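Just so we're on the same page: letters track the sequence lines, and every chain starts at 1. Predicted model only: the values in this text are computed from it and were never measured.
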There are 2 protein chains.
Amino acid sequence: MTANPTALKKAQNEQSWGIQDFADLFEVTPRAIRFYEDKGLLTPSRESGSRVFGLEEHGRLTRILRAKRLGFTLDDIKVVMDVTYGLITDRVELTQRRDNFEKVIASLKRRRKDIDILAREMGELCSIIDDHLEKTADDSNVSSLAEAYDEVFREHFSHEMLDDPLFTNSKRS
Amino acid sequence: MTANPTALKKAQNEQSWGIQDFADLFEVTPRAIRFYEDKGLLTPSRESGSRVFGLEEHGRLTRILRAKRLGFTLDDIKVVMDVTYGLITDRVELTQRRDNFEKVIASLKRRRKDIDILAREMGELCSIIDDHLEKTADDSNVSSLAEAYDEVFREHFSHEMLDDPLFTNSKRS
DNA sequence: ACTCAGCTTGACGTTAACGTCAACGTTAAA
DNA sequence: TTTAACGTTGACGTTAACGTCAAGCTGAGT
């Protein structure tokens with residue numbers, strides 16, 4: 001046996017894509033992908049000039065797009081990726097970023113509440129619309145939509161105000 | 001009793017704010033608030049030229065900012081608000097928008113999964129950082145961070161790939 | 001009468017995340 | 001060899017959501 005312990009699986013048989021296929025895979029444009037590379041978020045290998053994307057880059061782009069969907073900027077994402085891929089060695093910097101990450105995690109949990117509330121509100125809105133569409137199945141415009149909305153959101157409103165610390169601030173002249 | 005059935009509570013004693021106080025209340029700038037008004041998302045009353053914001057506008061801005069936090073554009077928000085406040089009367093338009101709202105609700109639920117995954121990943125990242133900071137409490141840089149990350153994300157990776165429909169698409173020449 | 005705080009309406013500047021060209025190189029098939 | 005498909009690097013354009021002035025009104029206090 002020729003000496004080849006812990007052989008790197010960097011072999012040929014790993015999946016890989018050209019930029020167009022890779023872009024199609026995630027429903028983004030090649031331009032966007034090049035842009036992410038410029039920002040240092042992707043580092044595809046090259047074959048005679050052309051970019052070649054493998055599983056590693058697939059994983060990265062998956063995470064990039066997930067974070068983007070949640071409203072993070074590419075700079076935000078880079079702050080995380082640089083740590084993830086070991087580009088940050090300074091202990092102080094590392095500690096600061098970890099603290100930041102914990103704040104992000106906290107804000108993510110708040111975001112979940114936002115989602116719950118918005119999803120519920122939009123569900124109610126759909127119901128109200130359905131009611132309205134049913135009542136006025138012919139073409140008489142008897143019931144004003146505004147009334148129904150008003151009821152629902154008034155109720156809402158008091159809910160929100162109760163646990164809203166803002167509400168003890170300032171009044172007006 | 002003077003005739004006054006179902007009296008409107010449009011009275012004086014409702015809370016109200018000037019633009020600066022109102023902005024402070026939500027930690028945004030007066031400019032942003034004027035911008036939202038230009039876009040038709042807020043319609044404060046006026047007192048000798050100056051804007052006056054009441055409970056109604058408070059509720060609206062609450063919802064505007066919540067939607068913004070979730071990545072919706074102001075135009076997106078207006079599409080919902082216009083329905084909510086009865087500005088859309090056309091049945092066809094109304095039906096289309098309701099269908100759209102249901103898609104939004106569905107995508108909100110997908111967003112929750114994004115949050116769960118990202119929060120978990122960032123939690124793991126924090127743990128890894130802590131481990132690293134502990135091991136190298138002096139200043140010897142024995143363990144490479146990259147190794148630890150690699151393990152965690154490789155695992156991840158296979159998880160994701162399993163339920164990823166994308167993964168049966170295209171290969172490469 | 002003057003000043004000042006707080007508001008108003010333009011109007012132009014800025015940033016992020018690409019879109020959209022133009023001009024050019026490379027490989028494989030006809 | 002020519003063409004076609006696919007890639008490359010600039011470089012400039014675009015949109016959303018404001019920021020940042022400038023110039024002017026307005027009502028309360030001195």
When you match A:P30 and A:S50 each to their closest nucleotide on DNA chain C, which lands nearer the 5' end?
A:P30
B:D75 has a side chain; which of D:dA16, C:dG19, C:dA17 sits nearest to it?
D:dA16
Give a yes-or-no answer on whether the side chains of B:N100 and B:Q96 include a donor-acceptor pair shorter than 3.5 Å.
no
Are OP1 or OP2 of D:dA16 and a side-chain N or O of B:K78 less than 4.0 angstrom apart?
no
note: A:F72, atom CZ; C:dA17, atom P; distance rounded to Å ~ 13 Å
Report the relative orientation of the aromatic rings in B:H58 and B:F22; use parallel for angles under 30°, tilted for 30 to 60°, perpendicular for over 60°.
perpendicular
Residue B:Y36, side-chain heavy atoms: nucleotide from D:dC18, D:dT8, C:dA17 that is nearest:
D:dC18
A:R51 vs D:dT8: side-chain N/O to OP1/OP2 distance below 4.0 Å:
yes
Hey, which sits more toward the 5' end of DNA chain D by its nearest nucleotide, A:E37 or B:L74?
A:E37
Does B:S48 make a side-chain N or O approach to OP1 or OP2 of C:dC7 shorter than 4.0 Å?
no
The side chain of B:I19 is closest to which nucleotide in this list: C:dT8, D:dT9, D:dA17?
C:dT8
Of the candidate nucleotides C:dC18, D:dA17, C:dC7, which contains the atom at the shortest distance from the side chain of B:Q20?
C:dC7
For B:K39 and D:dA17, what is the distance between atoms NZ and C1' respectively, to the nearest whole Å?
8 Å
Which of A:R111, A:K68, A:R66, A:R69 passes side-chain hydrogen bond (donor to acceptor under 3.5 Å, both in side chains) with B:D114? Answer is A:R69
If you draw the axis of the six-membered ring of B:Y85, does the NZ or CZ of B:R60 fall within 45° of it and under 6.0 Å from the ring centre?
yes
Quick one: which of D:dC18, C:dT9, D:dT8 gets closest to the side chain of B:F35?
D:dC18
Which whole-number value in Å describes the distance from A:D24 CG to D:dC6 P?
11 Å
To the nearest angstrom, the CD1-P distance between A:I64 and C:dA16 comes to 17 Å
Carboxylate-amine/guanidinium proximity below 4.0 Å for B:E134 and A:R91
no
CD of A:E47 versus C1' of C:dG25: gap in Å, rounded?
16 Å
Nearest-Å distance, CH2 (B:W17) to P (C:dG6)?
19 Å
Nearest listed nucleotide, side chain of B:A32, among D:dC18, D:dA16, C:dC7:
D:dC18
Please give, in whole Å, the distance from C:dT9 P to B:I33 CD1?
13 Å
Whole angstrom is fine here: how far is it from CZ in A:F22 over to P in D:dG7?
13 Å
Looking at C:dT8, I'd like to know if its phosphate oxygens (OP1 or OP2) sit under 4.0 Å from a side-chain N or O belonging to B:R31.
no
For B:I64 versus B:M81, what's the shortest heavy-atom pair and its separation?
CG1-CE, 3.7 Å
Residue B:R34, side-chain heavy atoms: nucleotide from D:dT9, C:dT9, C:dC18 that is nearest
C:dT9
